[in-house]
There are 2 protein chains.
Amino acid sequence: MVVETELSDAEVDRIFHALADATRRDIVRRTLAGDASVTDLAAAYEMSFAAVSKHVGVLEEAGLVTRHPEGRRRMVRGNPERIARAQRLLDAYERLWRDRVGRLDDLLAEPTSTSTPA
Amino acid sequence: MVVETELSDAEVDRIFHALADATRRDIVRRTLAGDASVTDLAAAYEMSFAAVSKHVGVLEEAGLVTRHPEGRRRMVRGNPERIARAQRLLDAYERLWRDRVGRLDDLLAEPTSTSTPA
DNA sequence: AGTTTCTACAACCATTTGGTTGTACGTTAA
DNA sequence: TTAACGTACAACCAAATGGTTGTAGAAACT
C-alpha cells in the first residue's frame, strides 16, 4: 500500500497551475501514453523548443512528469500517481457537498427540530 | 441523465487556474459546505474585501461557484458538478496510462513479436 | 577532430495575476 | 430621510507567466 504523503498548499497550487494550460495538458497526455524526448514534444507545437522545455519544467516542478536522461536525449515520462492524487483532492470537495446534502435531508426529515445546530 | 457538454480548452484552463490558489480552494470548500455571502468569506482571510470579491469572480468565471442575490447580500454557492467534471477530465489521463500499461503487458506476454508496431 | 543533435539557461518583453485604495450604488435599518 | 451595510468597479502597482532569441555544453555521428 502506498503511503499518502501530505501535500502542501504550494504543491497543490503547482499541480493545478501546471494543468491550467492546454499545451501542458497535451504534454501530460502524450507522456502518459508513451515516453517522448523534449524534441519529440517540441515538434508537435507551434512554438519554440525553449518554450516547450519551459512547459516541461513547470510539469516537472509539479511532479506531473519526470525526466530521464538517455544518451543526449531527455525522455519525459508522465506520472500517473500525481494525476490520481489530484483526483483525490477533488474527491474531498465532493464529500463536503454530499455532507451538506445529507444535512439538508435531515432538516426535511425532522421538521420538529429535536436538536437544531447553531 | 445529465448531458456531458463538451468543455473548450479555455474553459478547462479557467477551471484548473481557479483551483490553483489556496484561498480560492478554501472558498470552494466553504461554499460547498454551505452558502456564504462575500462579506462572510472576506472575514475569513487576511486580505481586502475587494481581493476576496475578485477571487469569487475568478471562481464564477470558471463555473465553480454561482452568486445568488438575497437582499443586499450576494450568496455564494459552490457548484459540485464542475468539480465532478474536473475529476472526469483527470480520469481520461488515467485511462491513457492504463492503456499504456496494457500495451507493455502485451509486449511481455508475446516476446516472439508476431506483429511489432513501428 | 569537427560537426551536428539535443538540451539547458539567461536575458528580454508583453501580458496577466493578485493585491491595494477609492468611489459609487442599491438595500436595509434608525 | 439619513445613516450604515454589502457589493461592484476602476485605477493603479509589483510580481509572475508565457513567449522570444542567443549562447553554450554534452553526446553522437563522420
Side-chain angles (χ1 to χ4, degrees), chain A residues 8-31 34-78 86, chain B residues 8-31 34-79:
Chain A
S8 71
D9 274 355
E11 284 173 305
V12 179
D13 284 3
R14 270 183 243 122
I15 292 174
F16 285 122
H17 171 250
L19 290 171
D21 180 283
T23 302
R24 286 197 292 262
R25 285 193 301 276
D26 198 63
I27 291 174
V28 169
R29 211 175 45 69
R30 286 171 187 270
T31 58
D35 289 7
S37 72
V38 185
T39 320
D40 291 341
L41 293 171
Y45 311 104
E46 292 202 335
M47 69 183 74
S48 68
F49 171 90
V52 174
S53 183
K54 273 197 190 180
H55 281 307
V56 173
V58 170
L59 289 167
E60 197 176 24
E61 286 284 313
L64 288 165
V65 306
T66 50
R67 271 189 257 221
H68 302 87
E70 211 164 276
R72 63 184 159 184
R73 309 206 298 158
R74 253 62 160 243
M75 302 311 288
V76 184
R77 183 175 313 160
Chain B
S8 70
D9 275 356
E11 285 174 304
V12 179
D13 285 2
R14 271 183 241 122
I15 291 173
F16 285 122
H17 171 251
L19 290 171
D21 179 283
T23 301
R24 286 197 291 262
R25 284 193 301 275
D26 198 64
I27 292 175
V28 169
R29 211 177 43 70
R30 287 172 187 269
T31 58
D35 290 6
S37 72
V38 185
T39 321
D40 291 343
L41 293 171
Y45 311 105
E46 291 201 334
M47 68 184 73
S48 68
F49 170 89
V52 174
S53 182
K54 271 197 191 181
H55 280 308
V56 173
V58 171
L59 290 167
E60 198 176 23
E61 286 285 313
L64 288 165
V65 305
T66 50
R67 273 189 253 221
H68 303 87
E70 210 165 278
R72 62 184 161 186
R73 310 206 297 159
R74 254 60 164 252
M75 301 312 288
V76 184
R77 183 175 314 160
N79 177 9

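The sequence lines fix the lettering, A, B, ..., with proteins before strands; numbering per chain opens at 1. Heavy-atom basis, side chains included; hydrogens, waters and symmetry copies ignored.
When distances are taken from the side chain of B:V38 to each of D:dA8, D:dA27, D:dC5, the shortest belongs to D:dA8. The side chain of A:R67 has C:dA8 as its nearest neighbour among C:dG19, D:dT20, C:dA8. The side chain of B:M47 lies closest to C:dG19 when the candidates are D:dG19, C:dG19, C:dT21. In the set D:dT20, C:dT21, D:dA8, D:dA8 carries the atom at the smallest distance from any side-chain atom of B:F49. Listed nucleotides: D:dA4, C:dC6, C:dT20. Nearest to the side chain of A:R72: C:dC6.
Following rounding to the nearest Å, A:K54 (NZ) and D:dG22 (P) show an atom-to-atom distance of 15 Å. Rounded to whole angstrom, the span from the OH atom of A:Y45 across to the C1' atom of D:dG19 amounts to 16 Å. Distance CG (B:L19) to P (C:dG18): 12 Å, rounded to an integer number of Å. For the pair A:D13 CG and C:dT17 C1', the computed distance is 13 Å after rounding to whole Å. Note: CZ (A:R25) to P (D:dG18) measures 12 Å, nearest angstrom. A:H17 places its NE2 atom 14 Å from the P atom of C:dT16, with the value rounded to the nearest Å. B:E60 has its CD atom 8 Å from the P atom of D:dA8, to the nearest Å. D:dA16 atom P lies 14 Å from atom CD of A:E61, rounded to whole Å.
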Query - Criterion side chain to side chain contact (heavy atoms under 4.5 Å, CB included) on B:M47 and B:T23, from CA distance to verdict - result: CA-CA 10 Å; B:M47 68 184 73; B:T23 301; 3.6 Å; yes
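For the side chain to side chain contact (heavy atoms under 4.5 Å, CB included) with B:L64, the lone residue among B:I27, B:V58, B:N79, B:L19 that qualifies is B:L19.
A close approach under 4.0 Å does occur between a side-chain nitrogen or oxygen of A:H55 and OP1 or OP2 of D:dG19. Phosphate contact (OP1/OP2 of D:dA8, side-chain N/O of B:S53, threshold under 4.0 Å): present. At the phosphate of C:dT20, OP1 or OP2 sits under 4.0 Å from a side-chain N or O atom of B:S48. Applying the 4.0 Å criterion to OP1 and OP2 of C:dT28, one finds that B:R73 has every side-chain N and O outside that range. The phosphate of C:dG26 has neither OP1 nor OP2 within less than 4.0 Å of any side-chain N or O from B:R74.
Nearest-nucleotide positions on DNA chain D for B:M75 and A:A51 put B:M75 closer to the 5' end.
By the 4.5 Å heavy-atom criterion applied to side chains, B:T31 and B:M75 are not counted as neighbours. Considering only heavy atoms from C-beta on, B:R73 comes within 4.5 Å of B:D40 through its side chain.
Within the 4.0 angstrom heavy-atom criterion, no nucleotide atom of any strand lies near B:T23.
At distances below 3.5 Å, at least one donor-acceptor pair connects side-chain atoms of A:R24 with backbone N or O atoms of A:H17.
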